[in-house]
Amino acid sequence: MSGTSATVLPVVSAVAGQAPTISKPEGTPPAELSFTDVIVGTGAEVLPTSTLTAHYTLMAWSTGKIIESSWSGQPATFPLAQVVEGWQKGLPGAKEGGRRLLILPPSMGYGSAGAGPIGPDETLIFAVDIIGVA
């Protein structure tokens, strides 16, 4: 067994109300959108038409470094229909009070152009805490 190309997915802490920690991933990132509930919420369910209030932490797969986090300030409020495709497809079904881990292939994030501190063709790892659903 060689372990050099084995994919090790990030692990996200599950303490509600606290900024998440995300372990550094290893190997080849998934080619498809991946999501899992780290904390299962019990409130309103996210729909494609929802406006969300959420805290999030963003890590780059390639470096394992945190690029951005709303936890240093106020949570973000936005219509789900106006964010990257990976959020539009990966957050519906999550519930208020929950934390969802999203792994976005570049095509569902910022693609070959990148954006600001996000490099081209970067796989994005998000821990998203759903605070409100409207």
Could you give the distance from [atom1] ([X]) to [atom2] ([Y]), rounded to the nearest 0.5 Å?
X	Y	atom1	atom2	answer
S34	L9	OG	CG	6.0 Å
L80	L91	CG	CG	6.0 Å
I66	S72	CD1	OG	11.5 Å
D129	S70	CG	OG	8.0 Å
I131	H55	CD1	NE2	4.5 Å
I118	E68	CD1	CD	6.5 Å

Search all heavy atoms of [X] against all heavy atoms of [Y] and return the closest pair with its distance.
X	Y	value
I130	A94	CG1-CB, 4.3 Å
G97	I39	O-CG2, 3.8 Å
V11	S23	N-OG, 2.7 Å
V38	S13	CG1-O, 3.6 Å
L101	P10	CD2-O, 3.9 Å
V133	A44	CG2-O, 3.7 Å

Indicate, with yes or no, if [Y] and [X] share a hydrophobic cluster defined by side-chain heavy-atom contacts under 4.5 Å among Ile, Leu, Val, Met, Phe, Trp and Tyr.
X	Y	value
F126	W61	no
V15	W71	no
M59	I103	yes
I67	F78	yes
F35	W87	yes

_Apply side chain to side chain contact (heavy atoms under 4.5 Å, CB included) to residues I125 and L58 and explain how you reach the verdict._
CA-CA 6 Å; I125 302 163; L58 166 59; 5.8 Å; no
*State whether a side-chain donor-acceptor pair under 3.5 Å links T53 with T77.*
yes
*asked:* Could you walk me through whether S62 and E122 satisfy the side chain to side chain donor-acceptor pair (under 3.5 Å) test, starting with their C-alpha distance in whole Å, then the side-chain angles of each, then the deciding distance to 0.1 Å, before giving a yes or no?
replied: CA-CA 7 Å; S62 65; E122 181 63 71; 2.6 Å; yes
Side-chain touch [X]/[Y], heavy atoms, less than 4.5 angstrom:
X	Y	result
P25	V8	no
L104	T123	no
K95	V40	no

